[in-house]
Amino acid sequence: MERSEALRRITELKAVLRENSRRYYVDNAPTISDYEYDTLMHELEALEDQWPEFATPDSPTRHVGSDLDLPAGQNAEPETGHGFRQYPHRYPMLSLQNTYSVAEIEEFAERASGLLEGRDFSYATELKFDGTAICLTYRDGKLFRALTRGDGTVGDDVTLNVKRIANIPETLSGSGWPAEFEIRGEILMPYASFDRLNLERAESELPPFANPRNAASGSLKLQDPEEVGRRGLECTLYHIPSEIPGIATHNEALDAAASWGLPISKHRGICRDIAEIEAYLRHWDTARHDLPFATDGIVVKINQLDFQKELGYTAKFPRWAVAFKFKAEQALTPILSIDYQVGRTGAVTPVANLEPVHLAGTTVKRATLNNQAFIEDLDIHLGDWVYVEKGGEIIPKITAVEPSKRAIGATRPPFPTTCPDCGTPLVRPEGEARWFCPNKDGCPTQIQTGLVHFLSRKAMNVIAGDATVAELYRLGLVRTPADFYSLSLPQLLLIEGWQMRSAQRFLSSLDASREVPFERVLFALGIRHIGEQTAREIARHFGDIDSIAKASLEELAAVQDVGDIIAKSVVEWFADERHIREIERLKAAGLQFSTEVTSAPQSDALQGMIFVVSGVFSVSRDEIKAFIEASGGKCSGSVSGKTTYLLAGDKPGPEKVKKAAELGVKVIGEEELRAMAGEISRQDIAPVIPTKAAGRAEKSLNNDIIEPTLF
């Protein structure tokens with residue numbers, strides 16, 4: 001490879017790895033597999049070894065991925081909040097060297113034996129859990145702080161959320177624990193919790209999580225600790241970085257932690273040689289499918305703590321541990337047919353019916369094809385044999401077509417031009433990949449799914465399921481949400497299988513829903529693009545439903561986390577007279593359609609200005625936004641032609657910066673904002689989050705000089 005070609009490829013690999021690291025750690029929505037990512041990383045490592053003059057300090061080969069909180073709109077789910085306090089790790093949280101080759105595990109063992117010069121040692125083997133890393137600090141036997149891995153040096157403080165995870169003790173039991181210590185591990189989402197969460201998201205027409213790891217990571221960063229508690233997360237801990245008197249091995253340290261009531265894996269092993277390591281690996285490559293949670297490999301560590309210290313670290317990895325990762329399972333099976341399903345918002349989704357195939361412990365019969373562009377990109381034809389993958393992925397996905405098995409004369413599936421349910425011509429909004437049925441108030445499927453959404457737990461929280469709604473619809477008793485509040489006891493007794501008690505429980509639940517706060521009522525209406533968080537922001541900004549109905553596109557777009565697309569959707573919804581009449585009926589039924597409005601600004605220094613806030617500041621983004629609003633300005637979640645300034649802190653979102661440049665939106669910093677605000681002093685923003693530089697300079701908890709360790 002020529003020097004210029006090597007530089008070009010290294011530059012390209014750095015960009016691809018950084019972008020996909022962000023998608024994995026921050027967005028919780030990776031677009032390439034772990035294997036593909038690791039392959040690219042290994043290629044970059046090899047090129048940097050060959051061309052060391054191009055190995056820059058900021059290379060992905062020298063830094064762990066970062067999950068530090070980023071600007072609003074860049075996380076995978078709308079409920080995800082922002083503005084977590086950040087603190088430095090006492091011991092840097094490094095990553096592990098990954099391999100997919102048993103031969104490289106053998107090389108690791110041989111290298112360790114050589115470095116330890118024939119001294120007797122053992123290997124601690126354990127499962128590699130597919131979750132999100134966590135660091136817990138206990139002081140005097142009580143949980144003091146929980147930090148995410150962050151960038152390895154600084155992490156987000158998620159203590160309140162972690163306290164809602166059932167198997168993490170707030171107070172230790174037993175005896176012998178140090179006065180203060182850290183323990184690292186993984187936050188997991190068991191399959192049962194994952195399936196339940198995705199079912200709830202499907203009912204709300206939110207995109208499902210692809211796998212439990214993404215779901216666990218997204219859930220841990222929610223701003224509502226109570227919701228975190230409902231997500232069914234669990235924790236497994238596997239490493240104590242500090243020395244404990246009387247403890248000589250990694251395994252002894254974990255046994256001690258288990259005796260203190262901490263959740264330690266029972267699936268650990270002690271191996272004397274490479275043959276025993278390989279036997280452990282072979283066992284779990286099969287047995288992992290019977291576990292109630294996701295794993296993606298095994299970890300091999302030198303068991304003796306003195307030897308770990310002696311072997312030390314590279315810039316990114318410990319030399320005394322290695323991770324073997326299982327490749328994602330694939331199966332080849334034919335597409336038998338394709339169905340087209342209509343969702344609550346009218347989106348038409350193609351779903352492939354597959355010849356049943358056993359994959360990763362379950363039988364797979366169906367897989368989504370996402371949209372027309374997905375079918376075209378993979379060049380899927382009717383009757384094609386396709387590769388289906390799960391591995392760590394719980395939702396089956398089609399990854400490729402096997403062209404050699406394509407029948408002669410096979411044709412691409414024609415995407416429907418009319419709604420498969422009501423026959424209305426489909427439309428595809430500009431800039432969107434999916435086709436929609438616009439007959440929202442006349443399409444039977446959309447009507448029924450909308451009614452189910454209205455009654456759902458996160459909306460009106462009425463005790464009723466899909467079957468109840470379907471039966472009420474079949475009987476002609478319900479067509480719009482307001483119809484629920486006109487139902488009588490004799491009508492409900494027409495439902496097959498319902499007795500007096502069932503009907504009375506339903507009516508009592510409906511009556512209780514009249515007290516549901518306005519923000520959830522707004523969410524329940526099912527306006528396209530309006531999730532829970534957005535409904536909350538709009539409700540609190542305008543105060544009542546009539547003000548929202550009268551709001552202009554510009555006024556709506558200025559609301560935090562709204563933007564042009566959501567604003568347009570709201571304006572179009574309220575322009576329909578049928579919806580206005582429905583609101584009047586719901587008002588008459590006693591539902592809540594008002595709330596307290598945000599307090600008046602303290603000054604008008606920023607009056608008429610619209611800001612998009614992106615990056616890390618000396619305080620949380622919530623406080624920055626409150627400061628702007630207190631000075632008369634408004635905040636928006638996305639950069640548009642209406643944006644006055646992009647307020648950029650450390651590590652602003654690259655897409656926002658790019659969009660600002662394209663639109664000629666001026667980018668300013670925190671000090672410029674404070675100078676512009678003028679009348680409101682700096683003290684009106686409480687400095688609760690240190691800047692990155694200050695955070696890294698903060699002294700360790702005991703002021704000792706310490707060595708790095710892995711998570």
Side-chain angles (χ1 to χ4, degrees), residues 13 16-17 19-25 27-43 76 98-101 128 130 191 194-195 198 202 207-215 217 285 288-289 294-297 324-341 349-407 410-413 415 433-434:
L13 285 169
V16 170
L17 287 166
E19 173 62 16
N20 282 283
S21 177
R22 181 185 65 79
R23 291 176 179 176
Y24 182 89
Y25 288 107
D27 295 352
N28 303 311
T31 54
I32 63 174
S33 68
D34 287 359
Y35 180 75
E36 291 171 308
Y37 181 88
D38 291 336
T39 298
L40 294 174
M41 182 67 79
H42 291 325
E43 182 185 352
N98 289 328
T99 181
Y100 294 82
S101 166
K128 188 175 185 301
D130 200 10
Y191 293 143
F194 175 77
D195 291 340
N198 266 349
F209 284 108
N211 55 53
R213 185 264 159 201
N214 294 355
S217 183
D285 194 14
R288 64 193 174 102
H289 299 307
T295 59
D296 60 355
F324 178 89
K325 298 186 74 172
F326 302 120
K327 291 183 181 178
E329 279 196 57
Q330 279 190 336
L332 186 63
T333 189
I335 294 177
L336 302 179
S337 61
I338 296 175
D339 293 334
Y340 296 89
Q341 299 179 340
T349 303
V351 178
N353 297 301
L354 307 170
E355 184 172 295
V357 59
H358 194 71
L359 186 62
T362 60
T363 299
V364 176
K365 299 178 181 179
R366 290 162 64 81
T368 180
L369 296 174
N370 298 323
N371 51 51
Q372 185 178 16
F374 181 88
I375 295 173
E376 293 171 353
D377 289 345
L378 287 186
D379 192 30
I380 292 175
H381 286 55
L382 292 170
D384 269 352
W385 286 69
V386 292
Y387 290 98
V388 184
E389 183 175 298
K390 283 183 75 179
E393 310 289 329
I394 302 306
I395 298 175
K397 64 179 182 180
I398 293 173
T399 58
V401 171
E402 179 49 64
S404 66
K405 298 179 77 69
R406 178 173 292 162
T411 59
R412 275 187 176 174
F415 203 90
R434 295 187 297 178

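Residues Leu354 and Lys365 have side chains not in contact (no heavy-atom distance under 4.5 Å, counting atoms from C-beta outward).
Atom CG of Asn370 is separated from atom OG1 of Thr349 by 8.0 Å, given to the nearest 0.5 angstrom. With rounding to the nearest 0.5 angstrom, the OH atom of Tyr340 is 7.5 Å from the CG atom of Leu369. From His289, atom NE2 reaches atom OG1 of Thr295 across 8.0 Å, with rounding to the nearest 0.5 Å. Note: Ile338 CD1 to Arg366 CZ = 11.5 Å, rounded to the nearest 0.5 Å.
For Asp384 and Lys405, the salt-bridge test fails: no basic side-chain N is under 4.0 Å from an acidic carboxylate O. Ion pairing of Lys128 with Asp296 is present here, as a side-chain N (NZ or NE/NH1/NH2) and a carboxylate O approach within less than 4.0 Å. Classification of Arg288 and Asp130 as a salt-bridged pair fails, no side-chain N sitting under 4.0 Å from a carboxylate O.
The minimum heavy-atom distance linking Phe209 with Phe194 is given by the pair O-CZ, 3.4 Å. Of all the heavy atoms in Arg412 and Glu376, the pair that sits closest is NH2-O, 3.3 Å. Minimum interatomic distance between Leu378 and Val401 (heavy atoms only, all atoms of both residues): O-CG2, 3.5 Å. Residues Ala294 and Tyr191 approach most closely at CA-OH, 3.4 Å, considering heavy atoms. Heavy-atom minimum distance, Asp379 versus His381: OD1-CE1, 3.0 Å.
With Thr333 contributing its side chain and Glu355 its backbone, the two residues share a donor-acceptor pair below 3.5 Å. For Asp285 (side chain) and Phe326 (main-chain N/O), no donor-acceptor pair under 3.5 Å exists by modelled atom type.
The ring pair (Phe, Tyr, Trp, His ring centres under 6.0 Å) test applied to Phe374 returns no partner, not counting sequence neighbours.
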